[in-house]
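Numbers for residues simply follow the sequence, beginning at 1. It should be emphasised that the depicted structure is a prediction, and the values quoted were computed from it without experimental measurement.
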Amino acid sequence: MDKLSKEQRHHCMAAIKGKDTKPELLVRKFLFSRGFRYRLNHPRLPGHPDIVLRKYRTVIFVNGCFWHGHQGCKYFVLPKTNVEFWSAKIERNQKRDIEEQQELAAMGWHCITVWECQLKPKVRQRTLESLVYTLSRIFVEDRRVKSYEDYEDDLRIVAEEVVGYGTVDYETKIN
């Protein structure tokens, strides 16, 4: 049973922000302090990602465990009242998240999801350091120079058949 009245619950839920949340601000401040520059909620990208790092072709979604249904997380507990509504809403959010990430991947973007529970004080530093490591790794891999062996298999050159050095039949060349 809910301890709050319907109006009180409505007021509490309406006050929850979608942008500039505490977890999002933590990630943004950390990235900025490490020299990463980004854009916020890019309107032309599917899902309006929380953080867009164009130089790294990477988007970061900072998801709340409850709102996005983080499976296996202690912070994701389905409410006991109005269960049908909440389960349908969270399922819609999860499907939308998957579709948006697939669209972004098809456009050539790397997608990283940081969960709210990964930013709790005990694991925050490890999460943020691994985020920096991942971004650095993406940057290096995207700009890696391919070796000659990598190109060898990709070459499909159409050329004239070589009979042998100095033994070209000129009559067949003319025709």
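- Between Gly108 and Arg57, the shortest heavy-atom contact is O-NE, 3.4 Å.
- Asp97 has its side chain out of reach of Phe61: every pair of non-hydrogen atoms, C-beta onward, lies at least 4.5 Å apart.
- Leu104 approaches Cys111 most closely through the heavy-atom pair CB-SG, 3.7 Å.
- A 4.5 Å side-chain heavy-atom check between Leu119 and Leu128 finds at least one atom pair inside the cut-off.
- By the criterion of side-chain heavy atoms lying less than 4.5 angstrom apart, applied directly or through intervening Ile, Leu, Val, Met, Phe, Trp or Tyr residues, Val114 is grouped together with Leu40 in one hydrophobic cluster.
- Leu131 is listed as a side-chain neighbour of Ile60, based on a closest heavy-atom distance under 4.5 Å.
- Considering CZ of Phe139 and NZ of Lys55, their distance stands at 4.5 Å, rounded to 0.5 Å.
- Residues Val83 and Phe76 share a hydrophobic cluster, clusters being chains of Ile/Leu/Val/Met/Phe/Trp/Tyr side chains in contact below 4.5 Å.
- His110 meets the side-chain hydrogen bond (donor to acceptor under 3.5 Å, both in side chains) test with Asp142; sequence neighbours excluded.
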I would like to know whether Asn93 and Asn63 meet side-chain contact (heavy atoms from CB on, under 4.5 Å); could you show each step before the answer? CA-CA 11 Å; Asn93 289 348; Asn63 288 348; over 6 Å; no
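- Under the 4.5 Å side-chain criterion, counting only non-hydrogen atoms from C-beta, Ser136 is not in contact with Val140.
- Formation of a donor-acceptor pair under 3.5 Å by the Arg37 side chain with backbone atoms of Phe32 is found in this model.
- One finds the CD1 atom of Ile51 at 9.5 Å from the CD1 atom of Ile112 (value rounded to the nearest 0.5 Å).
- A 4.5 Å side-chain heavy-atom check between Phe30 and Val132 finds at least one atom pair inside the cut-off.
- Within 6.0 Å of atom CZ in Phe85, more than 12 heavy atoms from other residues, nucleotides or ligands are found, so the atom counts as buried in its surroundings.
- Atoms OG1 and CD, from Thr134 and Glu141 in turn, are 12.0 Å apart once rounded to the nearest 0.5 Å.
- Ion pairing between a basic and an acidic side chain is recognised when a charged N comes within 4.0 Å of a carboxylate O; Glu100 and Arg96 show such pairing.
- Of all heavy-atom pairs between Thr58 and Tyr56, the closest is OG1-O, 2.8 Å.
- Residues passing the ring-ring contact (aromatic ring centres under 6.0 Å, His included) test with Trp109, sequence neighbours excluded: none.
- Side-chain atoms of Thr127 and Val27, non-hydrogen and from C-beta on, never get closer than 4.5 Å to each other.
- Linking Ile, Leu, Val, Met, Phe, Trp and Tyr residues whenever their side-chain heavy atoms come within less than 4.5 Å places Met107 and Val52 in a single cluster.
- The line from CD1 of Ile90 to CZ of Arg92 is 10.0 Å long, rounded to the nearest 0.5 Å.
- Thr113 and Gln101 share a side-chain donor-acceptor pair at under 3.5 Å.
- With hydrogens and angles ignored, the 3.5 Å screen pairs no side-chain donor or acceptor of His42 with any backbone N or O of His48.
- No donor-acceptor distance shorter than 3.5 angstrom exists from the side chain of His68 to the backbone of His70, with no hydrogens or angles considered.
- Summarising the geometry, atom CZ belonging to Arg143 is positioned 10.5 Å from atom CD1 belonging to Ile138; distances are rounded to the nearest 0.5 Å.
- Listed by chain and residue number, Arg34, Gln125 satisfy the side-chain hydrogen bond (donor to acceptor under 3.5 Å, both in side chains) test with Glu129 (two or more places apart in sequence, or in another chain).
- With contacts defined as side-chain heavy-atom distances shorter than 4.5 Å, the pair Lys22/Leu26 does not qualify.
- A donor-acceptor distance shorter than 3.5 angstrom exists from the side chain of Asp50 to the backbone of Val62, with no hydrogens or angles considered.
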Evaluate the salt bridge (charged side-chain N to carboxylate O under 4.0 Å, His left out) criterion for residues Glu24 and Arg28: first the C-alpha distance (whole Å), next the side-chain angles of each, then the deciding distance (0.1 Å), finally the verdict. CA-CA 6 Å; Glu24 188 180 326; Arg28 286 172 21 195; 3.1 Å; yes
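- The two atoms that bring Phe66 and Val77 nearest to each other are CE1-O, 3.6 Å, heavy atoms only.
- Between the CD atom of Glu91 and the NZ atom of Lys89 there is a distance of 13.0 Å, given to the nearest 0.5 Å.
- Across every non-hydrogen atom of Ser87 and Leu78, the tightest pair is CB-CD2, 4.0 Å.
- Nearest approach of Cys65 to Tyr75, heavy atoms of both residues: CB-CB, 4.0 Å.
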